[in-house]
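Sequence positions, counted from 1, serve as the residue numbers for this chain.
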Amino acid sequence: MSKQGKPYERVVATVLEAFDQRASVTHGRWVIGPDGRREIDVLIEGTVDGVPVKGLVECKDFNPRRPVGIAYVDALDSKRHDLRADFTMLCSNAGFTADAVRKAKRLGIALAGVMKKGDARLRFSVIDEIYIRKVQLQRLSIRLMGPDPIHLANVPLYDILWNGMPVANWIHHRIILLLGFNPIVAGTFRVTHNLLEPQIFTWPGGEATVTNFDFAFTLVGGWFTQRVEIDSTAAIYDWIRRRVRMTPGDGQLVYRNVNFDGGTPVIHPPDMEFLRERFLEGETEMKLLILENLDRREPVPDLDAHVEPADLELFIEGLKDEIDNSSLGGSDNAPR
């Protein structure tokens, strides 16, 4: 990115959302530190919730293109200590080395890339890894419980109805949501739902009063990685969390050169904690999920309104092995 064109101001504008309207922004300023004069690409000074805050933004634009290394993270860390900055950000569209990302993550230094689709001032595009899950549903079963024993040994799953609609359609919908909220690719899961009041479930030749039910499903699958180009009309890219922060207003987000059938098998993404981290306002990311034997079936009965709210929680606690690759992806590194 060219400092002369100042496209990095878009990074500054996003950072400034937290500041009051009287915050000052200075470009190319020299300041005095303990060891003499230090140059700052961008200095932001203002208050957040009434507390004085100072921020530093450093911008790197290497030609020929190469990722920013750990030495630049170390240098910025030294500068922020010398100048007593409250937050720091290192900006590069050419990416960062793995060592730089690890160090910046540990030190709390933000790593960002500017996105402005079609802007000639940005000589490099953001190119980074995305992770694709390919998941296959192998088994699905349901149990109904009520005041009296309920036997479903010979009843086909999709013949069990509530309010005239297949309960399995609702289960399919719930599994898709669970996959969206949890980075799982393999394992067997059982999910229990208690009803707010007893409901009548029916099937050909029978019916029962149900107070709670559960379903169990077994998945096999795998993680795959590939490098793609990520672009937007107006956004910044968080290289540590691999998320796009869109600027306010209408905008477009584009992922180019995505191969839905390809990718390199991996046991799991290296930064699993970010896959379960809640999103900040304006953030988005690519979560590509390819499903087999699991589709959205219609109509979906409105069982949510009759289930205890706590039982509709979508985040699965205590995940470990279930996030890892299984045999579906054909990975030599698969733990199963």
Side-chain angles (χ1 to χ4, degrees), residues 1 7-8 10-11 59-70 72-73 89-105 109-135 180 183 185 221-246 251-277 279 283-291 323-326 328-334:
M1 69 202 76
Y8 56 82
R10 202 163 286 280
V11 176
C59 305
K60 303 301 176 185
D61 182 21
F62 296 145
N63 190 18
R65 172 180 179 143
R66 69 181 188 274
V68 172
I70 191 172
Y72 294 93
V73 176
M89 177 183 290
L90 189 55
C91 189
S92 164
N93 271 42
F96 299 86
T97 65
D99 288 345
V101 172
R102 282 194 295 269
K103 187 67 174 288
K105 177 181 173 183
I109 294 176
L111 303 181
V114 178
M115 296 177 171
K116 195 169 189 304
K117 186 179 176 183
D119 192 328
R121 295 173 297 176
L122 298 179
R123 296 188 295 111
F124 301 132
S125 300
V126 170
I127 298 176
D128 200 9
E129 288 183 319
I130 62 169
Y131 294 91
I132 300 172
R133 278 184 293 162
K134 299 179 183 180
V135 178
V185 292
W223 288 97
F224 297 80
T225 181
Q226 60 180 269
R227 297 183 67 81
V228 301
E229 180 180 345
I230 309 170
D231 201 359
S232 174
T233 49
I236 64 172
Y237 185 68
D238 185 334
W239 283 92
I240 291 181
R241 301 172 72 228
R242 286 196 168 98
R243 288 183 179 174
V244 177
R245 177 79 184 274
M246 304 291 289
Q252 293 181 339
L253 177 61
V254 180
Y255 286 79
R256 298 189 180 95
N257 305 318
V258 179
N259 183 353
F260 293 89
D261 299 318
T264 302
V266 292
I267 294 178
H268 59 68
D271 296 320
M272 289 301 300
E273 68 269 26
F274 294 127
L275 294 178
R276 289 176 58 78
E277 194 175 82
F279 282 80
E283 280 190 334
T284 185
E285 70 178 347
M286 167 75 82
K287 283 187 174 180
L288 191 56
L289 174 62
I290 299 174
L291 301 175
I323 66 176
D324 287 341
N325 215 336
S326 68
L328 177 65
S331 170
D332 293 335
N333 297 321

Undergrad: Is any side-chain heavy atom of Y237 less than 4.5 Å from a side-chain heavy atom of N93?
TA: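 Answer no - side chains too far apart.
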Undergrad: Testing the basics here: between N257 and V228, what is the closest heavy-atom pair and its distance to 0.1 Å?
TA: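 Taking every non-hydrogen atom into account, O-CG1, 3.8 Å.
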Undergrad: Can you tell if the side chain of T264 reaches within under 4.5 Å of the side chain of Q226, non-hydrogen atoms only?
TA: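 T264 does not reach Q226 side chain to side chain.
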Undergrad: Any side-chain to backbone donor/acceptor pair from T284 onto V244? Under 3.5 Å, distance only.
TA: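 Absent.
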Undergrad: Under a 3.5 Å distance rule, please check whether W239 uses its side chain to pair with a backbone N or O of S92 as donor and acceptor.
TA: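 Indeed, once roles are kept as given, a pair shorter than 3.5 Å links the two residues.
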Undergrad: Would the distance check show the side chain of R227 and the main-chain N or O of I127 forming a donor-acceptor pair, the cut-off being under 3.5 Å?
TA: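 Here the side-chain-to-backbone pair exists.
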Undergrad: Starting at NZ of K134, measure out to CG of L291 and round the result to the nearest 0.5 Å.
TA: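 These two atoms lie 12.5 Å from each other.
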Undergrad: Check K103 against V73 and note the closest heavy-atom contact, atom names and distance.
TA: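 Result for this residue pair: CG-CG1, 3.9 Å.
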Undergrad: Between atom CZ of R102 and atom OG1 of T97, what is the distance when rounded to the nearest 0.5 Å?
TA: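 So the gap between those two atoms works out to 8.0 Å.
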Undergrad: Roughly how far, to the nearest 0.5 Å, is the CZ atom of R66 from the NZ atom of K60?
TA: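 Output value for this atom pair is 10.5 Å.
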Undergrad: Atom CG of L289 and atom CZ of R133: how far apart are they, to the nearest 0.5 Å?
TA: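 Result: 5.0 Å between the selected atoms.
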Undergrad: I need the minimum non-hydrogen distance between G113 and C91, along with the two atoms involved.
TA: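 G113 and C91 have their closest heavy atoms at CA-SG, 4.5 Å.
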Undergrad: Does any part of the side chain of Y255, heavy atoms only, come nearer than 4.5 Å to the side chain of L288, both counted from C-beta?
TA: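 No, their side chains stay 4.5 Å or more apart.
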Undergrad: Mind listing the closest non-hydrogen atom pair of G69 and A100 along with its distance?
TA: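 Smallest interatomic distance, heavy atoms only, reads C-CB, 3.7 Å.
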Undergrad: Run the side chain to side chain contact (heavy atoms under 4.5 Å, CB included) test on L253 and I230 for me, step by step, so that the C-alpha distance in whole Å, both residues' side-chain angles and the decisive distance to 0.1 Å come before the verdict.
TA: CA-CA 8 Å; L253 177 61; I230 309 170; 4.2 Å; yes
Undergrad: How long is the straight-line distance from CD1 of I290 back to CG of D261, given to the nearest 0.5 Å?
TA: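 Rounded to the nearest 0.5 Å, the CG-CD1 separation comes to 7.0 Å.
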Undergrad: For the atom pair OG (S232) and NZ (K117), what is the distance rounded to the nearest 0.5 Å?
TA: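 The distance works out to 9.0 Å.
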Undergrad: Is D238 paired with R245 through a side-chain N to carboxylate O contact shorter than 4.0 Å?
TA: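 No salt bridge links R245 with D238.
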